[in-house]
2 protein chains.
Amino acid sequence: MQLKFFTDYGLRVLLYVAANDGRLVTIDEISRSYGISHEHLRKIVHKLAQSEFLATRRGKDGGMSLARPASEIRPGDVIEALEDVRTIIDCDRDPCPLRGVCRLRTALDDARDAFIDTMNKHTLADLVGGETGAKLSELQPAE
Amino acid sequence: MQLKFFTDYGLRVLLYVAANDGRLVTIDEISRSYGISHEHLRKIVHKLAQSEFLATRRGKDGGMSLARPASEIRPGDVIEALEDVRTIIDCDRDPCPLRGVCRLRTALDDARDAFIDTMNKHTLADLVGGETGAKLSELQPAE
DNA sequence: GACAAGATGCATATGTTAGACATCTGATAT
DNA sequence: ATATCAGATGTCTAACATATGCATCTTGTC
């Protein structure tokens, strides 16, 4: 019931990029800004690009931006893409004497759906800024 | 977003005991029945007893039984007791440039509550047996 | 008092996740 | 055209959490 560091920062990367709307942001900037490993962050960004949440551009003055508007990216979808969330327990892994009687698996599946659905009531846009409409750049100058 | 093996089997132990309603069940019986480590199961049982889901009895003909009726034990509460579920991410661990702007933490807390609440719509009694009212002993003789 | 069962604490193994490094590919500016 | 900057890829290592094992103690019942 903890998100992986990977997923946690996956969300934060997207929020950071959303808050710096428009501008191309580099891995280096984010890793310095959050104080986390450049190398590990690289893998997070790569996965986010593969999952089509980020668009990346190589080369000089490259960097990343959101692949879609922040108001169209839902955090539950991001979690599903970064975290293995499909089955919370595996009833087939070991012989289970309760098989056929037990509805634990169904209940857990429903609960997982409730989790994701609740996250998907939001978008990146309203998680960062929201009503106040504040931009990151106005609050905390990068570096 | 995976339950620990520990929590997963914590729930299954309770369901097993619930399905064997009334009878005292030993760690040894459960570990053989599920095919998992006796030693690890011991710790699970211990934690469940501490958390007042199980009542244990030492000595000859000892074993465990539910501390309360199966219809009064809710699986979401069990998960909360066995799994660290309080904060899914920790905003204070690293310096986060989004602090003050970002509502990710709140959204995750709401989602976690939705997860637990959904689990707590059930009780041990309806997860095992439920409408059919079938008892484990009728379906799969122990060993 | 002997035995069966859980309690406790420490030591070890395993697996997952995070971090580091070296090298390659692609895009842009000059 | 080429130098340079930024991401892509793959392998290796380190750190940490979790599961497992073992030895010993405690408690309750026969």
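Numbers restart at 1 for each chain; the letters A, B, ... are given by sequence-line order, proteins then strands. Just so it is clear, the model here is predicted, and its values are computed rather than measured.
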Participant: Name all residues meeting the salt bridge (charged side-chain N to carboxylate O under 4.0 Å, His left out) criterion together with B:D84; count only those two or more places apart in sequence or in a different chain, and write none if there are none.
Facilitator: B:R86

Participant: Within the structure, does a side-chain N or O atom of A:T56 lie under 4.0 Å from either OP1 or OP2 of D:dA8?
Facilitator: yes

Participant: Considering non-hydrogen atoms only, spot the tightest contact between B:A19 and B:V128 and give its length.
Facilitator: CB-CG2, 3.8 Å

Participant: Regarding B:D109 and B:R105, does a basic nitrogen lie under 4.0 Å from an acidic carboxylate oxygen?
Facilitator: yes

Participant: What is the distance, rounded to the nearest whole Å, between atom CZ of A:F5 and atom P of D:dA15?
Facilitator: 16 Å

Participant: Between P on D:dT18 and OH on B:Y9, what's the gap in Å once rounded to a whole number?
Facilitator: 17 Å

Participant: Not counting sequence neighbours, list each pair that qualifies as a side-chain hydrogen bond (donor to acceptor under 3.5 Å, both in side chains) and has a residue in residues 69-79 of chain A.
Facilitator: A:D77-A:N120

Participant: Expressed in angstrom and rounded to an integer, what is the separation of B:D84 atom CG from D:dC16 atom P?
Facilitator: 18 Å

Participant: Tell me whether the centres of the aromatic rings in A:H40 and A:F5 are closer together than 6.0 Å.
Facilitator: yes

Participant: Distance under 6.0 Å and angle within 45° of the ring axis: does A:R112 meet both against A:F115?
Facilitator: no

Participant: Checking contacts here: which listed nucleotide (C:dG6, D:dA19, C:dA18) is nearest the side-chain heavy atoms of B:K4?
Facilitator: D:dA19

Participant: Counting any heavy atom closer than 4.0 Å, what does B:H40 reach on the DNA or RNA strands: base, sugar-phosphate only, or nothing?
Facilitator: base

Participant: Quick one: A:Q2 CD to C:dT17 C1', roughly how many Å, whole number?
Facilitator: 14 Å

Participant: Let me know the distance between CZ of B:F6 and P of D:dT20, rounded to the nearest Å.
Facilitator: 12 Å

Participant: Using atom CG of A:L48 as one end and atom C1' of D:dA8 as the other, report the distance to the nearest whole Å.
Facilitator: 15 Å

Participant: Heavy atoms under 4.0 Å is the rule here; annotate nucleotides 21-30 of chain C 5' to 3' with B where the base is hit, S where only the sugar-phosphate is, and - elsewhere.
Facilitator: BB--BBBSS-

Participant: Measuring only between side-chain heavy atoms, which start at C-beta, is B:L104 closer than 4.5 Å to A:L14?
Facilitator: no

Participant: Check the distance between D:dT18's C1' and B:K47's NZ and give it to me in whole angstrom.
Facilitator: 15 Å

Participant: How many Å lie between CG on B:L41 and P on D:dT20, as a whole number?
Facilitator: 10 Å

Participant: With a cut-off of less than 4.0 Å, is there a side-chain N or O of B:H46 near OP1 or OP2 of C:dT8?
Facilitator: yes

Participant: If you only use heavy atoms from C-beta on, which nucleotide in C:dA18, D:dG7, D:dG21 is closest to the side chain of B:S37?
Facilitator: D:dG21

